[in-house]
Number of protein chains: 2
Amino acid sequence: MWPRCFIVLRGGMNAIAYNRLRSAWLCTQDMTLNALRHIPLLADAPAHLLDELARESRQRVLSRNEILFAQGSPALTAYFVLSGRVRLMQHTTDGQDVAMGVFVPYEPVGLLVAIVGAPYPGACEALDHTTVLAVSAASIARVMSQHPPLMLKVIKMMHARLTEANDRIRELAAERVERRLARVVLRLANKVGVKEEVNGASRIRIDMPLSRQNLAELAGTTLHTVSRILSDWQRSGLVDTGREHLVILRAHDLVLVAEDIAPTEDARSRSS
Amino acid sequence: MWPRCFIVLRGGMNAIAYNRLRSAWLCTQDMTLNALRHIPLLADAPAHLLDELARESRQRVLSRNEILFAQGSPALTAYFVLSGRVRLMQHTTDGQDVAMGVFVPYEPVGLLVAIVGAPYPGACEALDHTTVLAVSAASIARVMSQHPPLMLKVIKMMHARLTEANDRIRELAAERVERRLARVVLRLANKVGVKEEVNGASRIRIDMPLSRQNLAELAGTTLHTVSRILSDWQRSGLVDTGREHLVILRAHDLVLVAEDIAPTEDARSRSS
DNA sequence: CGGAGCGTTGATGAAAATCAAGCTGTGTGG
DNA sequence: CCACACAGCTTGATTTTCATCAACGCTCCG
């Protein structure tokens, strides 16, 4: 598709402009190739396959809250996040949204559905200014059939996702909201946490804009309950939180909440 | 491992007994091969691979409530259910069990973890008198590497499971218990339902022993709540249920409950 | 300055867990 | 063959958790 595009463009511009664009394109190609090399899933694929993929993929830039794909639309392309963050969510019939996960650079999104040819089971939204690499399902299929070890890696990655999904099911079925929220926050800290030192104290900042609503959709509750719990945590010095930001102050104690080894003071006072 | 076992046995028996056992073994081999052919995952694998697998796999018989493998133990073997039903469950730290699913003949169990070399994330228990086929992780890995299309089928199967897991997450996060229970029952009906005609009325019997506790673990609730809801459904003629059995009388109306198109009379009266 | 979007907090009520007690069918051992 | 123990089930009462409703505060931005 790209070459054809070039021919069309060439008709309307002089040789210098064409060459400038061409070198920009080559540069983009080069960057794309470079990006592909960072993707763990493709880490040990042979070079010629990466070249092939780079030629057949396109970058797409999303601004905050922009939708990458909608729930139920046919999954003709798979994406790899290159920078920023996206989240996957499913709408319920009664209008709520449930978040299925947050994806960070070099993670695939919609890869599995593109492989098996199912429609996207949820919508994908940029949480931030984000760039993704779009690869057609056909390219993915061809590359995979040419390089079977890649399938094994896909299986491993899917296993990790399935494990996380099972963890969430277990939590949602058996655990209280405060604990679930603690796990959500810790999981996010693992993905996008940045360690900071302030006054000799070590803190973990969640490096993305994160509203109460977002957290509620991840924890399976309402923004009100999230707000109350975060206020409690704030009061007991566990976190520092405010409008769309969250910093974990005492990670160890938050783990205790997540594991329910010691309920917070406030959880107890709220319940008394 | 089998041949060695034979040599040992042979030492302690006469030729006739040996030959009888040998033919029994060959017969079992044959049955195993036949069983393998019924497994959709292996449906279009070449014959010699099936032979290989048949030689390297063993059948195992489980009686009701027997544990096939424990949560956290290393997944050195994958299983295929041949008859009966098993369920997968995870224990929570505070002693509850959450069911991850019910598996019926020709479905794989523990296949993924065997492939990726992770420990079993949950325990597997026979719900009924059950036979399974045990295949070592090593055999699976070898066969898969010899026949890449098999990996693609594994990916498709995983996708189905991941989709179901996501559905459950959405339900648990956003839906009321009655609706979730209705979905659980309908899902079971799809898997193990037997259509029956009684007095001209069509019913679907859930063909497995199924306690309130089992249902509660599948729906993410308590046996008390399950009992109350089933009593309500019974009163309104939706189902016929009793000690470890469940028959759907008006499947269509149960779907309405699952989709929350029309709440049952009793759900409304309970709430008033 | 005013509105939109996000967050907090109190009050209330509904859903479902928990506590408690008793029932019933099934299998078992005397 | 009966009694009895037990596992599964039912149901009422109470309590807890959390969603919902409602109101208001803060802050950013046009």
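Please read all numbers here as calculations on a predicted model, not as lab measurements. To find a chain, count down the sequence lines: A is the first, B the second, and so on, and within it residues start at 1.
Distance, B/E244 CD to C/dG27 P: 10 Å, rounded to whole Å. Taking atom CZ of residue A/R179 and atom P of nucleotide C/dA17, one finds them 16 Å apart after rounding to whole Å. As rounded to whole Å, 15 Å separates atom P of C/dA17 from atom CD of A/E175. Between the C1' atom of C/dA14 and the CD1 atom of B/I229 lies a distance of 14 Å, rounded to the nearest Å. In this structure, B/L223 atom CG and C/dA17 atom P are separated by 10 Å, rounded to whole Å. Rounded to a whole Å, the CD atom of B/E178 is 14 Å from the C1' atom of C/dA14. Counting to the nearest Å, the P atom of C/dG10 and the CG atom of A/D232 are 11 Å from each other. Note: CZ (B/R180) to C1' (C/dA17) measures 12 Å, nearest angstrom.
A sub-4.0 Å separation between OP1 or OP2 of C/dT9 and a side-chain N or O of A/S231 is present. In terms of phosphate contacts, A/T221 brings no side-chain nitrogen or oxygen within less than 4.0 Å of OP1 or OP2 of D/dC18.
Contacts with DNA chain C (heavy atom under 4.0 Å) in residues 204-216 of chain A: A/S211, A/R212, listed by number.
A salt bridge between A/D167 and A/R183 is absent, with no side-chain N of the basic residue lying under 4.0 Å from a carboxylate O of the acidic one.
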Check nucleotides 20-30 of chain D for protein N or O atoms closer than 3.5 Å to its own N or O atoms and list the pairs.
{"unit_1": "D/dT20", "atom_1": "O4", "unit_2": "A/R228", "atom_2": "NH2", "d": "3.0"}

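Looking at heavy atoms from C-beta onward, A/M208 lies out of side-chain contact with A/N214 at the 4.5 angstrom threshold. Annotation: side chain of A/T77 is in contact with side chain of A/Y79 (closest heavy-atom distance under 4.5 Å).
In this structure, B/S231 has no side-chain hydrogen bond (donor to acceptor under 3.5 Å, both in side chains) partners at least two apart in sequence or on a different chain. Legend: residues meeting side chain to side chain contact (heavy atoms under 4.5 Å, CB included) with B/T93, ordered by chain and number and at least two apart, are A/R179.
At distances below 3.5 Å, not a single donor-acceptor pair connects side-chain atoms of B/S227 with backbone N or O atoms of B/L223.
Here A/I248 contributes atom CD1 and A/R205 contributes atom CZ; the two are 12.0 Å apart, rounded to the nearest 0.5 Å.
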Using residues 94-107 of chain B as the side-chain source, report each donor-acceptor pair under 3.5 Å to any protein atom, sequence neighbours left out, with the distance given to one decimal.
{"unit_1": "B/D94", "atom_1": "OD1", "unit_2": "B/T92", "atom_2": "OG1", "d": "2.6"}
{"unit_1": "B/D94", "atom_1": "OD2", "unit_2": "B/Q96", "atom_2": "NE2", "d": "3.4"}
{"unit_1": "B/D97", "atom_1": "OD1", "unit_2": "B/H91", "atom_2": "ND1", "d": "2.5"}
{"unit_1": "B/E107", "atom_1": "OE1", "unit_2": "B/V104", "atom_2": "N", "d": "2.9"}
{"unit_1": "B/E107", "atom_1": "OE1", "unit_2": "B/K191", "atom_2": "NZ", "d": "2.9"}
{"unit_1": "B/E107", "atom_1": "OE2", "unit_2": "B/K191", "atom_2": "NZ", "d": "3.2"}

Donor-acceptor pairs under 3.5 Å, side chain of residues 121-135 of chain A to any protein atom, not counting sequence neighbours: which ones?
{"unit_1": "A/E125", "atom_1": "OE1", "unit_2": "A/R87", "atom_2": "NE", "d": "2.8"}
{"unit_1": "A/E125", "atom_1": "OE1", "unit_2": "A/R87", "atom_2": "NH2", "d": "3.1"}
{"unit_1": "A/T130", "atom_1": "OG1", "unit_2": "A/R85", "atom_2": "N", "d": "3.2"}
{"unit_1": "A/T130", "atom_1": "OG1", "unit_2": "A/R85", "atom_2": "O", "d": "3.2"}
{"unit_1": "A/T130", "atom_1": "OG1", "unit_2": "A/D128", "atom_2": "O", "d": "2.9"}
{"unit_1": "A/T131", "atom_1": "OG1", "unit_2": "A/S83", "atom_2": "OG", "d": "3.4"}

